[in-house]
Amino acid sequence: MSKMSNSEKYHQISVIINTKNRKNDLKKCLNAIFNGTYKNFEVIVVDNNSVDGTIELLKRYPVKVVSSDSKKLSHLFNIGWKNADSEFLAYIADDVQVHKDWLKWVVKLLSSDPKVGAVGGPIISMQKQEMHYLYEKANKNNFSKIFFKIIENIVFENKLFEPGVLCDSGAYSMGAGLDVVLRIKKPREVDLLTTSSMGVKKSVLKELGGFDESFYFNHSDGDLFVRMKKRGYKLIFHPQIISWHYVRGGPSRNPYMMGRDTALFHLKDIRPKTLKGVLGFVLNIFIFNSYWLYKAISEKDITLLKGILGYFLGCVYYIINFLN
């Protein structure tokens, strides 16, 4: 281990990784962290009952392993920070590999200002996101091109390819996951980051009560960021905090869970401020639910309609648990 500077000795950081049956991805993730330039860190792996040899792999690394059989990703996020010894925390997905200076920049940004609550940067997807795929497909004929331009303007406020934007409609921008984001040279304040690759302060999580476990797999981070900003904390996107996401499917892609958590996020956290925002919000809900109908028809799989059922039951959950 290389000699540490005084600032590194002072700023220990806890790296938190949630994992389940992704031994090969996890190995690459851990190797990238341990081969990085910043050395004053601990690694906490929250294992969700892996049976693929993950536990045997982890015995080769100086990591703290915490086991949980919880079905809620939001709960696993909370387990991570509650077992951390550091004020500075770094969340990283098990299918992400970080730049060698990733931790160095995370610590530098978190220590730069007491009002900085969380930091992140480019997290380049190594496969096309579905929204990007649909965008390219829509541009192949004039009718769908015009329709998508309307959506891009009203729902995404012409910021679809910007990093870290939460639109008035409740839609997220997707720029942080595309190569185009590497053109950004200066840090900027944003609305959203991602638990797949971010730094955050433990004191801020304590103040906010951690991740809201009303969410199962999706949007618990988005909800956290909304609450952070309401408390006056800054979310900083920095071009040097670079990572690469080798996206793997998992429970978060379950149509029912996506629908349920998306409805809860929309109703709990989205408050359009303008008439255009209200129109965008309604259109966003329509598009989200129409997507599942489109997928069910195109893939001839009626189970995909569970996305619509999940959205409806997410609305019911919000009414019962947040309005009473």
Side-chain angles (χ1 to χ4, degrees), residues 13-38 41-48 50 52 54 57-58 61 63-66 73-74 76-77 79-81 84 88-107 109-110 118-132 163-164 172 174-182 184 190 192-200 211 217-222 224-225 235-253:
I13 185 167
S14 298
V15 181
I16 301 166
I17 307 170
N18 295 325
T19 194
K20 183 180 178 69
N21 292 334
R22 288 180 177 170
K23 180 181 69 174
N24 294 331
D25 287 321
L26 180 61
K27 180 179 179 180
K28 295 173 183 177
C29 177
L30 289 169
N31 287 342
I33 293 167
F34 281 100
N35 291 329
T37 57
Y38 198 87
F41 63 88
E42 66 167 353
V43 174
I44 300 167
V45 178
V46 182
D47 179 69
N48 194 215
S50 295
D52 66 340
T54 290
L57 169 72
L58 291 173
Y61 295 87
V63 302
K64 181 191 298 183
V65 181
V66 183
L73 184 58
S74 53
L76 300 178
F77 285 149
I79 287 176
W81 71 263
F88 291 171
L89 312 173
Y91 278 89
I92 187 77
D94 59 2
D95 54 357
V96 169
Q97 295 174 40
V98 299
H99 186 275
K100 65 179 182 178
D101 293 329
W102 183 76
L103 273 178
K104 180 181 78 173
W105 280 101
V106 168
V107 170
L109 268 291
L110 287 177
V119 301
I123 175 168
I124 307 304
S125 177
M126 301 310 288
Q127 66 183 46
K128 285 183 180 178
Q129 299 178 44
E130 188 153 19
M131 179 59 73
H132 192 203
Y172 296 175
M174 56 182 283
L178 302 174
D179 288 345
V180 67
V181 78
L182 296 175
I184 296 175
V190 294
L192 299 165
L193 298 166
T194 172
T195 46
S196 294
S197 176
M198 76 167 190
V200 63
F211 294 85
F217 291 104
N218 303 276
H219 302 297
S220 64
D221 52 354
L224 177 71
F225 300 137
L235 308 177
I236 304 298
F237 176 94
H238 198 289
Q240 298 296 330
I241 304 177
I242 303 172
S243 56
W244 295 269
H245 196 183
Y246 295 82
V247 184
R248 303 286 185 253
S252 64
R253 304 304 300 172

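Just so you know, these numbers come straight off a predicted model, no measurement behind them. Residues take their numbers from the sequence shown, with the count starting at 1.
Expressed to the nearest 0.5 Å, how far CD1 of Ile17 lies from CG of Leu26 amounts to 6.0 Å. The CG atom of Leu224 sits 10.5 Å away from atom CG of Leu192, with the distance rounded to the nearest 0.5 Å. Put simply, CD1 on Ile124 and CD on Gln97 are 13.5 Å apart, with the number rounded to the nearest 0.5 Å. With rounding to the nearest 0.5 Å, the separation of CG in Leu109 from NE2 in His238 is 5.0 Å. To the nearest 0.5 angstrom, His99 atom NE2 is 7.5 Å from Gln240 atom CD. Considering CD1 of Ile236 and CG of Leu110, their distance stands at 10.0 Å, rounded to 0.5 Å.
For the residue pair Ser220 and Ser74, no side-chain donor N or O sits within less than 3.5 Å of a side-chain acceptor on the partner.
Residues Pro163 and Ile184 approach most closely at CG-CD1, 3.6 Å, considering heavy atoms. Of all the heavy atoms in Asp94 and Lys20, the pair that sits closest is OD2-N, 3.8 Å. Contact between His245 and Asp95 at its shortest, heavy atoms only, is NE2-OD1, 3.0 Å. Residue Ile242 comes nearest to Pro239 through the heavy atom pair CG1-O, 3.2 Å, listed as atom of the first residue, atom of the second, then distance. Closest approach of Leu73 to Phe217, counting heavy atoms only: CD2-O, 3.7 Å. Ser197 and Ile123 make their closest contact through CB-CD1, 3.6 Å (heavy atoms, listed as atom of the first residue, atom of the second, distance).
In this structure, the side chains of Trp244 and Lys28 stay at 4.5 Å or more apart for every pair of heavy atoms. Two residues are said to be in side-chain contact when any heavy atoms from C-beta on lie closer than 4.5 Å; Leu103 and Val98 fail this criterion. Residues Thr19 and Val45 have side chains in contact (heavy-atom distance under 4.5 Å, counting atoms from C-beta outward). The closest side-chain heavy-atom distance from Phe211 to Thr195 is below 4.5 Å.
Here the options are Ile241, Val107, Thr37, the test is side-chain contact (heavy atoms from CB on, under 4.5 Å), and the partner is Trp102; only Ile241 passes. Each of Leu76, Asp47, Ile44 was evaluated against Val66; a single residue qualifies, Ile44, per the side-chain contact (heavy atoms from CB on, under 4.5 Å) test. Each of Phe41, Tyr38, Tyr61 was checked for a side-chain contact (heavy atoms from CB on, under 4.5 Å) with Ile33, and the lone residue meeting it is Phe41.
Side-chain N or O atoms of Asp25 include none that pairs as donor or acceptor with a backbone N or O of Val96 at under 3.5 Å.
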### Task
I would like to know whether Phe88 and Val106 meet side-chain contact (heavy atoms from CB on, under 4.5 Å); could you show each step before the answer?
CA-CA 9 Å; Phe88 291 171; Val106 168; over 6 Å; no
### Task
Show your working on side-chain contact (heavy atoms from CB on, under 4.5 Å) between Tyr246 and Arg22 and close with a plain yes or no.
CA-CA 12 Å; Tyr246 295 82; Arg22 288 180 177 170; over 6 Å; no
### Message
Does Val63 form a side-chain contact (heavy atoms from CB on, under 4.5 Å) with Phe34? I'd like the steps, not just the answer.
### Response
CA-CA 11 Å; Val63 302; Phe34 281 100; 4.0 Å; yes
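Ring pair Phe77/Tyr91 is perpendicular by interplanar angle, where above 60° counts as perpendicular and below 30° as parallel.
More than 12 heavy atoms of other shown residues, nucleotides or ligands fall within 6.0 angstrom of atom NZ in Lys64.
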